[in-house]
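Right, one structure below, let's go through it.
In what follows, chains carry the letters A, B, and so on, assigned in the order in which the sequence lines appear, proteins first and then strands, with residues in each chain numbered from 1. Every heavy atom of this structure was used, including side-chain atoms; hydrogens, water molecules and symmetry mates were not.
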Number of protein chains: 2
Amino acid sequence: MSGLHLDIKDCGQCPIRHRAVCSRCEPDELETLESIKYYRTYEAGQPILWSGDHLEFVASVVTGIATLSQTMEDGRTQMVGLLLPSDFIGRPGRDSSPFDVVAVSDVTLCCFRRRPFEDLMISTPHIGNRLLEMTLDELDSAREWMLVLGRKTAREKIASLLLIVARRDASLRKNHPSDGMAFDLPLTREAMADYLGLTLETVSRQISALKKSEIIELQGKRRVIVPDLDALVAETGDDFDGGPIA
Amino acid sequence: MSGLHLDIKDCGQCPIRHRAVCSRCEPDELETLESIKYYRTYEAGQPILWSGDHLEFVASVVTGIATLSQTMEDGRTQMVGLLLPSDFIGRPGRDSSPFDVVAVSDVTLCCFRRRPFEDLMISTPHIGNRLLEMTLDELDSAREWMLVLGRKTAREKIASLLLIVARRDASLRKNHPSDGMAFDLPLTREAMADYLGLTLETVSRQISALKKSEIIELQGKRRVIVPDLDALVAETGDDFDGGPIA
DNA sequence: CGCGGGATTGACACGGGTCAAGATACGTGG
DNA sequence: CCACGTATCTTGACCCGTGTCAATCCCGCG
């Protein structure tokens with residue numbers, strides 16, 4: 001256990017305050033939320049939920065990264081979402097998750113028991129409205145990802161993923177992606193393969209190929225440098241951008 | 001033009017009354033909706049929206065089938081959703097659609113101008129709640145489809161699609177899919193290919209292969225008979241079902 | 001120093017894409 | 001009623017991209 005973080009008590013201090021499902025709440029609404037929330041932490045690699053599990057809570061990711069994925073009987077698995085800070089886990093109105101949720105890095109969740117949260121959604125439209133907005137964004141991202149999975153080549157898939165991670169990393173630092181930027185891949189080759197619908201060997205080969213083409217540089221296995229952002233964008237196959245942002 | 005269907009005036013008679021975004025509305029709320037709604041029709045093959053278009057309205061599909069898709073510069077296209085009666089088009093809070101919407105059959109939409117509808121969503125929680133529920137369902141379906149696109153073989157993809165259409169067709173007739181059932185494919189081979197991330201040749205070949213394996217029978221090019229439903233399910237690769245329902 | 005998990009690289013096979021030639025079905029006009 | 005044209009679908013031959021299997025490398029850690 002990496003310890004319970006009972007130190008984050010005050011929603012006002014919360015790092016995801018401005019983006020999470022609670023971002024629209026007024027002070028009095030926050031107070032209600034504060035009274036029913038609790039934190040849970042998971043170490044890297046731990047499962048958070050198995051597909052079909054009874055859902056006792058819904059939650060926001062506060063820190064860390066988790067993946068949403070499904071697995072077929074024979075072991076083929078497909079990642080269907082990356083959960084980042086401020087993303088929401090769980091589905092009001094249903095009592096089991098159709099997907100597996102796994103912590104990729106150490107993860108802290110801000111949890112609400114499902115029933116009280118569902119009641120709150122009825123009495124507090126700010127929550128429902130924000131959740132609708134977030135869900136619509138997720139749906140757009142999921143659909144954009146379908147193009148990647150269904151129609152892109154391995155090289156385009158890798159470039160698309162690198163660009164997503166680059167954008168996300170830049171936005172965490174509150175600036176824009178730019179030439180020469182560097183970032184760390186939060187995923188293993190295998191996790192990237194699961195996300196992209198490839199094998200880890202193909203991922204490895206295409207990363208090497210992008211390096212040889214000087215589209216990217218590598219420092220160690222995880223750190224990526226992008227000397228020319230437009231060159232990377234061109235490799236995604238998208239007209240100019242269009243790529244998933246989430 | 002297949003004519004304006006001004007005969008459907010009364011929401012109480014509406015065929016999608018119980019499933020659409022308005023399904024939770026009370027009589028007085030329906031009346032408000034009724035005052036701002038209008039119908040539009042599209043012939044098979046007509047575009048309904050182009051990606052990037054200014055969105056002047058949101059709408060429910062009343063009758064017919066439409067597709068949601070994206071296209072890359074070089075012409076590769078991926079369908080990202082099938083829109084069936086009661087499905088919702090448009091995104092409150094955004095003023096352009098990120099995807100192309102095309103009528104596959106003749107389509108009738110029940111439209112609401114966007115602004116008034118957005119106002120209504122605030123004053124009428126029943127609408128927002130229902131839309132949230134529908135969006136969450138769509139998101140689950142999209143994610144389930146990601147497994148199909150990313151990890152399934154061509155034969156499994158075809159079987160998955162056939163099963164979806166079979167289920168949907170059965171549910172329209174208000175019964176369950178069963179051995180010996182027959183249905184029409186609403187899509188051309190090319191549209192199926194766009195949905196499945198395949199080429200139309202591969203679609204054609206795999207349909208022929210399933211016929212040779214006696215998993216399906218064909219009457220003409222479009223009508224499909226499923227002698228043994230479990231056999232078809234087995235071809236999808238899913239453990240037992242799990243397949244997308246939407 | 002040796003172990004072990006992740007990553008890389010190579011050799012080979014095969015599924016599905018590509019290109020091209022028919023087949024089938026259907027509507028249109030003579 | 002038939003000839004023709006067009007759109008859709010089927011089938012074949014071939015090739016390339018990606019998967020599979022296996023060896024090796026890299027690097028952190030005990």
Interatomic distance, B/L210 atom CG to B/E217 atom CD [nearest 0.5 angstrom]: 12.5 Å
Nearest-Å distance for atom pair CD1/P, residues B/I207 and C/dG16: 14 Å
Side-chain donor/acceptor of B/R205 to base of D/dG12, under 3.5 Å: yes
B/R189 side chain near D/dT10 phosphate (N/O to OP1/OP2, under 4.0 Å): yes
5′-ward residue of the pair A/S204/B/T202 relative to DNA chain C: A/S204
Protein-nucleotide distance (A/L196, atom CG; D/dG19, atom C1'), rounded to Å: 15 Å
Position toward the 5' end of DNA chain C (nearest nucleotide), B/R155 or A/M192: A/M192
Sugar-phosphate only, base, or nothing, as touched by B/R222 at under 4.0 Å among non-hydrogen atoms: sugar-phosphate
First encountered from the 5' end of DNA chain D, between A/G197 and A/G220: A/G197
Nucleotide C/dA20, atom C1' - distance to CG of B/L200 in whole Å: 13 Å
Rounded distance (Å) that lies between atom P of D/dT18 and atom CD of A/Q206: 6 Å
B/K152 NZ - C/dG16 P separation (whole Å): 13 Å
C/dG17 phosphate, OP1 or OP2, under 4.0 Å from B/T199 side-chain N/O: yes
A/L149 CG - D/dT18 P separation (whole Å): 13 Å
Sugar-phosphate, base or nothing in reach of A/S208, heavy atoms under 4.0 Å: sugar-phosphate
Residue pair A/T63 / A/T108, side-chain donor-acceptor N/O under 3.5 Å: yes
Parallel, tilted or perpendicular: ring planes of A/F57 versus A/Y38, cut at 30 and 60 degrees: perpendicular
B/E201 vs A/T153, nearer the 5' end of DNA chain D by closest nucleotide: B/E201
Length of the CZ-C1' vector between B/R76 and C/dT18, whole Å: 14 Å
Sugar-phosphate only, base, or nothing, as touched by B/L198 at under 4.0 Å among non-hydrogen atoms: sugar-phosphate
Closest nucleotide among C/dT8, C/dA25, C/dG16 to the B/A154 side chain: C/dG16
Side chains of B/T202 and B/K157 in contact at under 4.5 Å (non-hydrogen atoms): no
Atom-to-atom span, CD1 of B/I158 to C1' of D/dC9 - whole angstrom: 13 Å
Check: A/R151 side chain, B/L198 main-chain N or O, donor-acceptor pair, under 3.5 Å: yes
